Chemist: 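This is the structure I have questions about; it appears just below.
Count residues from 1 along the sequence. Quick caveat, the model's predicted, so the values are computed rather than measured.
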Amino acid sequence: MSGNQERTFIAIKPDGVQRGLTGEIIARFERKGYQLVALKIVHISKEHAEAHYSDLSSKPFFNGLCEYLSSGPVVAMVWQGKNAAKGGRVLLGTTNPLDSAPGTIRGDFALDVGRNIIHGSDSVESAEKEIAHWFKPEELVSWTPVAKSQLYEKP
């Protein structure tokens with residue numbers, strides 16, 4: 001996939017959904033110029049959460065994190081665009097909201113590291129793994145925005 005077509009996985013966690021931040025978060029990604037290619041609201045099992053966060057399984061907070069992620073609705077999304085994984089992480093802010101800059105999602109809305117509103121892939125490789133874990137290939141929609149030529153320079 002070319003740099004202009006890079007994909008990332010973003011999930012609005014139960015606290016973000018419960019607080020009614022879904023529209024605001026989607027709007028921020030759209031305003032940045034990213035393209036939404038998959039979206040669903042799901043209530044996942046604890047096993048699904050454990051598989052998603054398997055890289056954190058040795059951490060003391062792992063069980064609580066998985067219980068929390070599976071405690072309510074999650075909005076799972078795939079966004080596409082130039083440097084989507086890195087750019088998406090910038091929009092999110094740092095994991096600990098107290099260290100997140102104003103203007104980031106966590107900096108503006110999150111209060112606690114254990115309830116930090118949103119998850120975003122930390123690399124293209126993680127994004128590929130997470131997208132495959134949350135979405136079937138046929139759930140990803142390929143489409144070309146009419147404004148693409150206004151968003152990106154020709155290679």
Side-chain angles (χ1 to χ4, degrees), residues 1-59 61-95 104-106 109-110 115-155:
M1 192 169 284
S2 74
N4 286 356
Q5 300 302 310
E6 183 177 295
R7 289 180 173 170
T8 193
F9 174 75
I10 301 292
I12 305 172
K13 297 177 184 179
D15 56 326
V17 175
Q18 292 287 343
R19 290 181 54 198
L21 297 173
T22 300
E24 171 69 26
I25 291 168
I26 290 172
R28 288 183 182 213
F29 277 82
E30 287 182 326
R31 285 194 305 258
K32 182 68 176 175
Y34 294 122
Q35 175 186 2
L36 184 62
V37 297
L39 170 76
K40 63 183 170 183
I41 186 166
V42 292
H43 194 146
I44 63 168
S45 67
K46 187 173 180 201
E47 292 75 25
H48 188 92
E50 289 169 345
H52 174 77
Y53 283 125
S54 63
D55 60 320
L56 301 175
S57 63
S58 65
K59 302 289 185 184
F61 57 82
F62 176 73
N63 192 50
L65 176 63
C66 294
E67 283 181 6
Y68 177 67
L69 191 63
S70 62
S71 71
V74 173
V75 175
M77 301 174 282
V78 179
W79 290 90
Q80 180 173 288
K82 187 173 185 179
N83 300 313
K86 182 178 179 183
R89 294 287 290 193
V90 171
L91 286 174
L92 270 58
T94 60
T95 301
T104 65
I105 292 165
R106 290 175 177 150
F109 302 116
R115 301 292 185 266
N116 64 7
I117 308 282
I118 195 163
H119 167 85
S121 301
D122 62 6
S123 67
V124 173
E125 296 76 25
S126 292
E128 290 172 357
K129 178 183 168 195
E130 292 171 352
I131 291 167
H133 180 65
W134 288 77
F135 290 93
K136 298 173 187 167
E138 62 270 18
E139 293 178 307
L140 302 170
V141 179
S142 293
W143 60 284
T144 303
V146 295
K148 185 175 181 180
S149 66
Q150 301 298 312
L151 297 173
Y152 300 110
E153 294 178 291
K154 290 183 181 181

Chemist: Report the distance from atom NE2 of His119 to atom CG of Leu65, rounding to the nearest 0.5 Å.
Modeler: 10.0 Å
Chemist: Is there a side chain to side chain contact (heavy atoms under 4.5 Å, CB included) between Ile25 and Phe109? Walk through the geometry before answering.
Modeler: CA-CA 10 Å; Ile25 291 168; Phe109 302 116; 5.5 Å; no
Chemist: Treating His48 as the side-chain partner and Trp134 as the backbone partner, does any N or O pair qualify as donor plus acceptor under 3.5 Å?
Modeler: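 Side chain of His48 to backbone of Trp134, a donor-acceptor pair under 3.5 Å: no, none is there.
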Chemist: Let me confirm one number: the NE2-OG distance from His133 to Ser126, rounded to the nearest 0.5 Å.
Modeler: 13.0 Å
Chemist: Quick one: pull up CD1 in Ile105 and CG in Leu92 and give me the separation to the nearest 0.5 Å.
Modeler: 5.0 Å
Chemist: In terms of heavy-atom contacts, does NZ of Lys46 have more than 12 from other residues, nucleotides or ligands at under 6.0 Å?
Modeler: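 More than 12 heavy atoms, drawn from other residues, nucleotides or ligands, come within 6.0 Å of this atom.
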Chemist: So, the side chain of Tyr68 versus the backbone of Lys13: is there a donor-acceptor pair under 3.5 Å, distance only?
Modeler: no
Chemist: Salt bridge between Arg28 and Glu24, side-chain N to carboxylate O under 4.0 Å?
Modeler: yes
Chemist: For the atom pair CH2 (Trp79) and CZ (Arg7), what is the distance rounded to the nearest 0.5 Å?
Modeler: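 Spacing of CH2 (Trp79) from CZ (Arg7) equals 13.0 Å.
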Chemist: Hey, which of Ile117, Val75, Leu69 is the one that makes side-chain contact (heavy atoms from CB on, under 4.5 Å) with Pro14?
Modeler: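 Single pass found, and it is Leu69.
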Chemist: What is the distance from atom NZ of Lys86 to atom OG of Ser123, rounded to the nearest 0.5 Å?
Modeler: 13.0 Å
Chemist: Starting at CE of Met77, measure out to CD1 of Ile118 and round the result to the nearest 0.5 Å.
Modeler: 5.5 Å
Chemist: Is the Lys NZ or Arg CZ of Lys40 less than 6.0 Å from the centre of Phe135's six-membered ring, within 45° of the axis?
Modeler: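 Ring-cation test returns yes.
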